[in-house]
Amino acid sequence: MTDASTGEQELPSGRAARRRRARTKVGGAVAVTLVGALGGGWLWLGTPTPLVTVMSPSMEPTLGVGEIALMAKVRGTPEVGDIVQVPVPREVQRDKGYPSAVVHRIIEIKDGRVITQGDNLDSPDPFDAPLSAIDREMLTVVPGAGRMVSFVTSPFGLIWIGTGVFMFFIFPVMERKKERHEVETVETKAQLQHVVAAVADYGHHLKSHTEILIAMSQAAQDLSAVVTRLDGRIEPDA
């Protein structure tokens with residue numbers, strides 16, 4: 001395959017590197033979008049934990065077991081008919097087996113106290129709460145989302161998520177580092193080869209210069225010998 005921008009033949013490894021970079025960019029864009037959406041949603045809902053998994057049938061058919069109630073910060077004053085999250089007193093938790101909070105419907109507000117009841121229950125909750133303690137109300141219900149949340153928080157779900165994070169985020173980063181290391185290695189080898197070639201060339205020139213110096217020295221010795229012989233043949237004047 002020929003690269004249209006350079007007209008040079010592109011190697012398979014180059015195509016693979018370009019595909020990996022493209023996947024990394026797409027994965028990064030998706031991650032940024034999801035994080036931004038989640039962050040914006042949390043800010044709009046006004047609560048760091050907007051999802052409540054329904055664990056009992058007390059609110060059926062409005063809320064079924066395994067469904068997710070999407071909660072938001074109460075804006076204004078709670079009213080009769082609203083489905084809200086109510087804190088449960090410790091003694092009720094201990095004596096009647098209630099969780100720390102329930103998502104039930106307000107059936108009465110009396111003397112600044114909120115009385116709630118599950119839609120599927122015959123009697124009100126055995127406790128009430130002050131209006132100031134009601135800070136989250138239900139916006140909507142997400143059918144079946146509880147099963148997804150249960151899967152995600154299960155050991156297999158965590159492994160699945162971890163594998164996805166590794167494949168789409170960590171592995172591309174490792175590949176990029178490997179590619180950079182390979183490029184740096186190739187460049188280093190090329191530089192070393194250039195240095196070796198330069199040293200060899202210098203050695204060749206040095207050898208040539210040394211041979212010239214040796215030849216000049218030999219010529220000087222020969223010339224000195226000739227001069228000595230000539231001096232012996234010339235008789236000094238009487």
Side-chain angles (χ1 to χ4, degrees), residues 30-169:
V30 171
V32 170
T33 302
L34 290 176
V35 171
L38 289 174
W42 277 325
L43 289 175
W44 181 76
L45 294 172
T47 174
T49 54
L51 304 179
V52 176
T53 304
V54 179
M55 304 301 293
S56 76
S58 63
M59 281 294 292
E60 289 183 349
T62 307
L63 293 172
V65 176
E67 294 181 333
I68 291 289
L70 180 63
M71 311 297 292
K73 182 179 179 180
V74 173
R75 294 176 173 88
T77 303
E79 299 177 351
V80 173
D82 291 344
I83 299 176
V84 297
Q85 187 173 38
V86 187
V88 179
R90 291 185 179 276
E91 59 271 15
V92 177
Q93 297 179 42
R94 182 183 64 250
D95 298 339
K96 297 184 178 297
Y98 271 68
S100 60
V102 295
V103 178
H104 282 176
R105 192 183 301 276
I106 298 176
I107 61 172
E108 185 179 356
I109 299 177
K110 184 178 179 181
D111 298 330
R113 308 287 297 185
V114 174
I115 301 173
T116 56
Q117 180 177 335
D119 289 356
N120 194 36
L121 300 178
D122 297 329
S123 59
D125 294 322
F127 57 89
D128 57 16
L131 271 172
S132 59
I134 308 301
D135 59 356
R136 301 209 301 171
E137 62 182 345
M138 190 185 81
L139 291 182
T140 187
V141 59
V142 185
R147 297 182 181 87
M148 181 182 67
V149 173
S150 298
F151 168 75
V152 170
T153 56
S154 67
F156 181 76
L158 293 175
I159 293 174
W160 185 78
I161 293 175
T163 302
V165 170
F166 176 81
M167 292 299 297
F168 286 98
F169 297 100

Which atom pair, heavy atoms only, marks the closest approach of Lys96 to Pro126?
CD-CG, 3.6 Å

Nearest-0.5 Å distance, CD1 of residue Ile83 to OG1 of residue Thr140:
10.0 Å

At what distance, to the nearest 0.5 angstrom, does CD1 of Ile106 lie from CG of Asp128?
12.0 Å

Which atom of Glu67 lies closest to which atom of Val141, heavy atoms considered
OE1-CG2, 3.5 Å

Just checking Asp95: does its CG atom have more than 12 heavy atoms from other residues, nucleotides or ligands closer to it than 6.0 angstrom?
yes

Using the rule side chain to side chain contact (heavy atoms under 4.5 Å, CB included), only one of Ile115, Asp125, Thr116, Val114 pairs with Ile107; which is it?
Ile115

Heavy-atom closest pair (Pro87 atom, Ile134 atom, distance to 0.1 Å) is CD-CD1, 4.4 Å

Apply side-chain contact (heavy atoms from CB on, under 4.5 Å) to residues His104 and Leu121 and explain how you reach the verdict.
CA-CA 10 Å; His104 282 176; Leu121 300 178; 4.1 Å; yes

The residue among Val103, Leu63, Thr62 that forms side chain to side chain contact (heavy atoms under 4.5 Å, CB included) with Val54 is Leu63

Find out whether Pro130 and Arg113 are in side-chain contact, i.e. whether some heavy atom of one side chain is under 4.5 Å from a heavy atom of the other.
yes

Using 0.5 Å steps for rounding, measure from the CZ atom of Arg105 to the CG atom of Asp119.
4.0 Å

Closest non-hydrogen atoms of Pro57 and Val65, given as atom of the first, atom of the second and distance, are N-CG2, 3.6 Å

Suppose the criterion is side-chain hydrogen bond (donor to acceptor under 3.5 Å, both in side chains): which pairs have a residue in residues 78-89, not counting sequence neighbours?
Gln85-Arg136

What distance separates Lys73 NZ from Leu139 CG, expressed to the nearest 0.5 Å?
13.5 Å

